[in-house]
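Encoded as structure tokens, the structure appears first; notes follow it.
Numbered from 1 within each chain, the chains take letters A, B, ... in sequence-line order. Note that these values count all heavy atoms, side chains included, but never hydrogens, waters or copies made by symmetry.
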Amino acid sequence: MVDVLDDLQWRGLLGQSTDEAALRSALAEPLTFYVGFDPTAPSLHIGHLVQILVARRLQRAGHHPLLLVGGATGLIGDPKPTAERQLNDAEVVAGWVERLRGQIEPYVELDGPNPARMVNNLDWTSQLSALDLLRDVGRHFRVGRMLAKEAVAARMASAEGISYTEFSYQVLQAMDYLELHRRHGCTLQFGGSDQWGNVSAGVDLVHRVQRTAVHGFTVPLLTKADGTKFGKTESGTVWVDPALTSPYAFHQFWLNVEDASVDRYLRVLTDRSREDLEALAGRTAERPGAREAQRTLARDVTALVHGAAAVDAAEAAAAALFGRGDLEALPEDVLGAALAELPHAVVGEGARTVVELLVATGLCASRSAARRAVADGGAYVNNTAVADGDAELADDQLLQGRWALLRRGKRTLAAVDARPR
RNA sequence: GGCAGGUUGCCCGAGCGGCCAAUGGGAGCUGACUGUAAAUCAGCCGGCACAGCCUUCGCAGGUUCGAAUCCUGCACCUGCCA
């Protein structure tokens with residue numbers, strides 16, 4: 001049995017932490033830990049997935065998970081270093097809490113001898129009066145330290161400044177730790193590396209109030225090789241919700257990961273063993289063009305999030321659409337299944353021009369952008385470059401008398417369904 | 001409440017009466033090369049009925065033949081003072 005902490009370290013999941021030796025000895029016995037997710041969107045994204053998987057690794061090592069969805073903190077908003085957040089309506093946040101809960105639960109064990117528990121910080125903050133907050137909680141916080149937090153300091157230095165609302169966020173989150181310590185004996189919190197300030201604030205508060213040393217660590221945020229944002233495609237964030245990011249698009253995202261990062265992602269997002277991954281890295285170094293590592297990553301992570309059937313569908317679709325073979329030669333069922341994975345537009349009666357179709361399918365944001373794509377030589381119908389954007393789609397271009405495959409650039413696809421009239 | 005400074009396209013940031021759809025950088029898109037990778041090079045990067053036209057430079061008015069640029073009011077941000 002590999003030591004959890006060693007495993008986390010090897011996978012690159014350990015960032016800052018409170019006293020590491022103390023943390024290590026604490027983890028020698030089963031302990032209760034928590035990680036929190038704020039409902040700031042209707043779905044979790046792949047950045048959150050990293051955190052959930054850390055919780056899962058800890059649970060599998062015998063520790064007791066408390067998974068917090070921040071019904072209260074989500075109403076306030078963790079200060080971003082750049083700008084003030086737009087506050088969301090209470091009903092909206094409450095709805096998101098439910099959705100996130102549902103998205104988190106599948107990744108952990110909710111039954112059995114060591115079940116994960118879901119908690120919501122609204123439970124212990126909604127009835128708290130402002131005076132109680134100021135008298136009982138506020139007195140444990142020093143403004144100087146609060147101002148020193150990275151995000152707060154950044155905002156203080158910005159032209160916009162920071163509202164008292166967001167400034168208070170760290171108090172709420174620290175209270176969570178204290179509350180979970182009291183209620184459930186929680187002695188470890190982790191979070192993304194941007195959460196270090198909040199994690200340590202919680203550790204401090206528990207120490208002040210309970211006179212107990214508790215632990216905390218951060219998980220480095222996943223980055224691309226050049227240090228830039230991870231988890232974005234041109235159409236935005238990669239979500240876990242299949243309605244927001246289709247399983248096909250999800251699979252493609254991982255398949256397109258740059259060589260320099262694929263090994264790191266595999267360690268973070270899959271359960272594969274060290275030996276397994278080192279062997280894979282060796283094969284990748286020999287034949288990078290085969291992209292075996294990317295294929296493995298795409299397969300594992302898509303299966304984890306969307307299930308094995310989704311992997312098969314995504315792979316089959318990609319094989320059909322990116323294959324060198326003639327699209328016309330594809331059997332109808334294969335083609336139909338592949339196209340079904342793509343964003344598509346149904347066009348009725350009226351013949352449409354390529355420019356119109358590029359916009360209708362969402363491949364281009366505007367007609368101007370579509371014209372540009374055509375002018376750049378980056379628009380294709382059925383894998384053939386389009387010369388004239390105003391040309392209408394001809395009946396004899398339709399696959400199986402009905403479909404057309406639209407492509408912008410090398411790998412952005414969409415389907416056109418010209419239903420029989 | 002007073003005084004000073006600020007608000008420009010996704011972000012940063014020039015512009016300070018016509019030559020401005022607006023310099024530059026970043027991000028992004030496309031092409032070439034390759035491997036649905038990276039790097040590199042080239043083009044693009046408000047909208048449309050696209051050699052032209054329309055709508056933009058916090059908001060609303062005004063001055064002017066003409067404003068992102070000047071004036072007035074309002075909103076918000078920052079700093080100093082009360």
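Across every strand in view, B:C50 sits unpaired, with no contact that passes the Watson-Crick or G-U test at under 3.5 angstrom. Across all strands shown, B:U55 forms no Watson-Crick or G-U wobble pair with both key distances under 3.5 Å. Partner assigned to B:U69 is none, using Watson-Crick or G-U wobble distances below 3.5 angstrom. Pair assignment for B:U7 gives B:A75, based on Watson-Crick or G-U wobble hydrogen-bonding distances that are each under 3.5 Å. Summarising the base pairing, B:A38 is matched to no nucleotide, lacking a Watson-Crick or G-U wobble pair whose two defining distances lie under 3.5 Å. Across all strands shown, B:G28 is found opposite B:C44 as a Watson-Crick or G-U wobble partner, with both distances under 3.5 Å.
As rounded to the nearest Å, B:U8 and B:G25 have C1' atoms that lie 15 Å from one another. Rounded to a whole angstrom, the distance from the C1' atom of B:C71 to that of B:U78 is 24 Å. Remark: the separation of the C1' atoms in B:U63 and B:G17 is 11 Å, to the nearest Å. Comparing the C1' positions of B:U7 and B:C74 gives a spacing of 14 Å, expressed to the nearest Å. Straight-line distance between the P atoms of B:C57 and B:A21: roughly 13 Å, to the nearest whole Å. With both ends at atom P, the span from B:A4 to B:A49 equals 49 Å, rounded to whole Å. B:G24 and B:A39: their C1' atoms are spaced 24 Å apart (whole Å). Rounded to a whole angstrom, the distance from the P atom of B:U23 to that of B:G46 is 10 Å.
Remark: side-chain polar atoms of A:Arg135 are not paired, donor with acceptor, to backbone N or O of A:Leu131 under 3.5 angstrom. A:Gln170 places a side-chain N or O within 3.5 Å of a backbone atom of A:Met146 that can act as its donor or acceptor partner. Using modelled atom types, one side-chain atom of A:Arg295 and one backbone atom of A:Ala290 make a donor-acceptor pair closer than 3.5 Å. When atom types are taken as modelled, the side chain of A:Arg408 and the backbone of A:Leu363 share a donor-acceptor pair closer than 3.5 angstrom.
Residue-to-nucleotide proximity on RNA chain B shows that, of A:Gly289 and A:Ala373, the 5′-proximal contact is made by A:Ala373. Comparing A:Gln252 and A:Arg408 against RNA chain B, the residue whose closest nucleotide sits nearer the 5' end is A:Arg408.
As judged by a 4.0 angstrom heavy-atom cut-off over every strand, A:Ala375 is placed among residues making no nucleic acid contact. Nucleic acid contact class of A:Tyr380 (heavy atoms, under 4.0 Å, all strands): sugar-phosphate only.
Following rounding to the nearest Å, A:Glu286 (CD) and B:G35 (P) show an atom-to-atom distance of 18 Å.
Distances shown here put every side-chain N or O of A:Tyr248 at or beyond 4.0 Å from the OP1 or OP2 atom of B:U36.
Stacking of A:Arg407 on the aromatic ring of A:Tyr380 is recorded, both the 6.0 Å distance cut-off and the 45° axial limit being met.
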> Taking protein heavy atoms under 4.0 Å as touching, what does nucleotides 37-49 of chain B look like 5' to 3' if B marks base contact, S marks sugar-phosphate-only contact and - marks none?
Replying inline: BS----BSS-SBS

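Partners of A:Ser43 according to the side-chain hydrogen bond (donor to acceptor under 3.5 Å, both in side chains) rule, which considers only residues two or more places apart in sequence or in another chain, are A:Gln103.
Proximity of the aromatic rings of A:Tyr34 and A:Tyr177 is defined here by a centroid distance below 6.0 angstrom, and this criterion is met.
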> Could you walk me through whether A:Tyr169 and A:Asp38 pass the side-chain contact (heavy atoms from CB on, under 4.5 Å) check?
Replying inline: CA-CA 12 Å; A:Tyr169 179 92; A:Asp38 273 357; 2.6 Å; yes

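Judged purely by distance below 3.5 Å, without hydrogens or angles, the side chains of A:Asn198 and A:Gln195 pair a donor atom with an acceptor atom.
The stretch residues 305-313 of chain A has no heavy atom under 4.0 angstrom from RNA chain B at all.
Using a 4.0 Å cut-off between charged side-chain N and carboxylate O, A:Asp3 and A:Arg24 make a salt bridge.
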